[in-house]
Enquirer: 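What follows is a single structure, and I will ask about it in a moment.
Computation of the quantities below employed the complete heavy-atom set of this structure, encompassing side-chain atoms and omitting hydrogens, waters and symmetry-equivalent molecules. Everything quoted here is computed from the prediction, not taken from an experiment. So you know, we letter chains A, B, ... as the sequences are listed, proteins then strands, and number each from 1.
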Amino acid sequence: MALSEHQERRLEKLRELRSQGIDPYPPRSHRTHTAQEALDRFASVEDGLGGEHDSEPVTVAGRIMTIRDMGRSIFCTLQDGSGSIQLFLRRNDLGEEAHTWFKRMIDMGDFVEATGHLFRTRMGEITVQASEVKLLSKALTPPPEKWHGLSDVETRYRQRYADLISNEEVRDIFIKRTKVVRAMRSFLDSRGFMEVETPTLQPLYGGAAARPFTSHYHTLDQTFYLRIADELYLKRLIVGGFERVYEICKDFRNEGIDGRHSPEFTMIEFYIAYADYNDVMELTEQMIVHCAQEALGTTSFTYAGHEIDLTPPWPRVTLRQALLDATGIDYLEVRDQKELYEEAKRLGADVQPADVWPRIVDELMKTFVRPNLIQPTFLIDYPVALSPLAKRSPDNPEVVERFQPFIAGVEAGNAFTELNDPLDQLSRFLEQVRDREAGDEDAMPIDEDYVNALMHGMPPTGGFGLGVDRLVMLFTDQQNIREVILFPHLRTKTTGLGLADALEPHISS
RNA sequence: GAGCCCGUAGCUCAGUUGGCAGAGCAACUGACUUUUAAUCAGUGGGUCCUGGGUUCGAGUCCCAGCGGGCUCACCA
């Protein structure tokens, strides 16, 4: 890619600045106020000014977003991390030389620093009347169009910096995302949880049903997998005596990409000793409400046109009952795969004759139950075959103590009373091995060290996992997961940007 | 992996039946001392994603490829 006319022109200005002895990239700024602080300051002193300028000068700094050149006076919008403030640059204030220099050398996108007195314009906008202005950083590429911004989805994802510069809504999404994560930490920290770090590179993956990414460690000449979940490591820590642990980290699953799945996504998992899934359910409600309160300032929001109200308590419905109500099928009665398949087929579910029994149950839930769970609802008590790490219900060994919260039809977590019986755990692993041999690539491998950990004794424990990206999607009303991931994965372009060749002639020294 | 749609100036987008490549913003020249997408007058700017093909003539039609989006499949 050759340089654009705009870039060439700015490179010329760069040379000219240097020849004037001006460093286009000085090492530091001397701002005294952020844009917001300057606005706040003026608002607080304005009443005593009697229409005059604030007598105390301020220095603000930021990126020039717009320039309105009126001849002997210029208005600019200066944007920094706190917001934006208007600059008023008069020839009489700056002096003719500096005024002309500004017009000649400063472009939209440049970072500048301006010193002057605050006042309110006739149009009512709080403004810095600059008596001094200095270049802080020359932008060689112009910003996207000021009115429509950058809207090409591919460019927005590949060049997120440009997206963030021009689209305020995008910035807001990621600010909310940060608040959600911060709220999770503060919620758990204040309840005696310990944040821990477990391996990303694992010799054996587990804790979820998914295909892993595979890597190779040269020094050990050994295959490593990128984690698909941190569950098994966190429970080893419960065995070790930590009673409340959590981790927020990236998990990696080698599967398709679509609007709801990213191969690399953020997961929060927590585990509590001496708690069961009922305790975890209460904590989950509280945590999600806390996150909404901290990120949105409210517990109600709109997702995909649905008005969602998070006010607890959320209804708890057994999966068995929900399926019974929606389809008339009682999965505890229909134990035969063929019979269940026929029933599901008759109802119009997308099932294949070869689908295993638990998969058909799952499909029935996704088709007939999940889309109707608009207001927050806990679906509880799942078939054991769907949950190899969860503890069986004392009332029915075919059912495990597991729940999933659903909000706006979106799965907002997964949790259960943890299986701490090493022999039962081993038999579940063996079941997974049989599934794998039957062709299920997502089935978990047997983890003997994990069984060994359980043999040391694990207290009754409740555990929880939640895809952070999904929760942020809910809170920001985004239907595509890439809108809540700063740098989503896209296919790498074979042709580079060509900048190295294009810019090389412009390197001085 | 399949189907459908998209790719035109730095950005946002038009482009009719196949007939000289267009607009707004941005840039450049000039005017303007309180503007708010400032305004006004003028000027320059294109690998129409890439490669083939059809045609007197292709941004437009056909084929292949590349990249992206949506839907489906896959995905506790």
Enquirer: Would you mind telling me which residue lines up with the more 5' stretch of RNA chain B, A/Gly149 or A/Arg91, judged by nearest nucleotide?
Expert: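 That would be A/Gly149.
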
Enquirer: Rounded to whole Å, please give me the gap between CG in A/Asp152 and P in B/rC5.
Expert: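 Going from CG in A/Asp152 over to P in B/rC5 covers 19 Å.
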
Enquirer: Does the structure show a Watson-Crick or G-U wobble partner for B/rA64, both distances under 3.5 Å? Name it, or say none.
Expert: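 Across all strands, the one nucleotide that pairs with B/rA64 is B/rU50.
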
Enquirer: Determine the Euclidean distance between corresponding P atoms of B/rG57 and B/rU8; express it in Å to zero decimal places.
Expert: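 Those two atoms are separated by 26 Å.
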
Enquirer: Which nucleotide, if any, forms a Watson-Crick or G-U wobble pair with B/rA21, using both distances under 3.5 Å?
Expert: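 Check on B/rA21: unpaired, no WC or wobble geometry under 3.5 Å.
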
Enquirer: Hey, which of these two, A/Ser73 or A/Arg470, hits RNA chain B nearer its 5' end, going by closest nucleotide?
Expert: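 Counting from the 5' end, the first nearest nucleotide belongs to A/Ser73.
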
Enquirer: Check whether any side-chain N or O of A/Arg359 sits under 4.0 Å from OP1 or OP2 of B/rC74, and answer yes or no.
Expert: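 Result: yes.
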
Enquirer: Rounded off to whole Å, could you give me the CD1-to-C1' distance for the A/Ile360 and B/rA76 pair?
Expert: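 Roughly 16 Å, once rounded to whole Å.
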
Enquirer: Compute the centroid of each ring, for A/Phe416 and then for A/Tyr277, and state whether the two points are separated by less than 6.0 Å.
Expert: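 When the ring centroids of A/Phe416 and A/Tyr277 are compared, they turn out to be at least 6.0 Å apart.
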
Enquirer: From the list B/rU35, B/rA26, B/rC28, which nucleotide is the closest neighbour of the side chain of A/Arg9?
Expert: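 The nucleotide sitting nearest to the side chain is B/rC28.
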
Enquirer: Classify A/Arg68 by what it touches in the nucleic acid, base, sugar-phosphate, or nothing, heavy-atom distance under 4.0 Å.
Expert: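 The residue A/Arg68 makes base contact.
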
Enquirer: Would you please test A/Thr200 and A/Arg227 for side-chain hydrogen bond (donor to acceptor under 3.5 Å, both in side chains) and show each step?
Expert: CA-CA 5 Å; A/Thr200 302; A/Arg227 70 170 147 224; 3.0 Å; yes

Enquirer: When rounded to the nearest 0.5 angstrom, what is the spacing between OG1 in A/Thr367 and CG in A/Asp350?
Expert: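 Reported value, rounded in 0.5 Å steps: 7.0 Å.
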
Enquirer: Does OP1 or OP2 of B/rA26 have a side-chain N or O of A/Lys146 closer than 4.0 Å?
Expert: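 Answer yes for this pair, as a side-chain N or O of A/Lys146 is under 4.0 Å from OP1 or OP2.
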
Enquirer: Of the listed nucleotides (B/rC11, B/rC70, B/rU34), which one gets closest to any side-chain atom of A/Glu145?
Expert: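 For A/Glu145, the side-chain atoms sit closest to B/rC11.
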
Enquirer: Identify the nucleotide, in any strand shown, that forms a Watson-Crick or G-U wobble pair with B/rG1, with both distances under 3.5 Å; if there is none, say none.
Expert: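 Paired with B/rG1, as far as the under-3.5 Å criterion goes, is B/rC72.
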
Enquirer: With hydrogens left out and only the distance checked, is there a donor-acceptor pair under 3.5 Å joining A/Glu5's side chain and the base of B/rG44?
Expert: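 Per atom types, the contact qualifies.
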
Enquirer: Given A/Tyr205, which of A/Phe213, A/Tyr225, A/Tyr233 fulfils the ring pair (Phe, Tyr, Trp, His ring centres under 6.0 Å) condition?
Expert: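 When ring pair (Phe, Tyr, Trp, His ring centres under 6.0 Å) is applied between A/Tyr205 and each of A/Phe213, A/Tyr225, A/Tyr233, only A/Tyr225 qualifies.
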
Enquirer: State the pairing partner of B/rU39; accept Watson-Crick or G-U wobble contacts with both distances under 3.5 Å, and report none otherwise.
Expert: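 Across all strands, the one nucleotide that pairs with B/rU39 is B/rA31.
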
Enquirer: Taking 4.0 Å as the cut-off, does a side-chain nitrogen or oxygen of A/Arg158 come that near to OP1 or OP2 on B/rG68?
Expert: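 Checking A/Arg158 against B/rG68: at least one side-chain N or O falls below 4.0 Å of OP1 or OP2.
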
Enquirer: Measuring from the side chain of A/Ser151 (C-beta onward, heavy atoms only), which nucleotide among B/rC25, B/rC13, B/rG68 has the closest atom?
Expert: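 Between B/rC25, B/rC13, B/rG68, the one nearest the side chain of A/Ser151 would be B/rC13.
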
Enquirer: Among the candidates B/rU34, B/rC32, B/rA76, find the nucleotide nearest to the side-chain atoms of A/Thr121.
Expert: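 Out of B/rU34, B/rC32, B/rA76, the nucleotide with an atom closest to A/Thr121's side chain is B/rU34.
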
Enquirer: Across the strands shown, which category fits A/Asp350 at heavy-atom distances under 4.0 angstrom: base, sugar-phosphate, nothing?
Expert: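 Sugar-phosphate: the residue A/Asp350, judged by heavy atoms under 4.0 Å, touches backbone atoms but no base.
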
Enquirer: So if I take every side-chain heavy atom of A/Phe75 and compare against B/rC32, B/rU34, B/rC28, which nucleotide ends up nearest?
Expert: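 Of the candidates, B/rU34 comes closest.
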
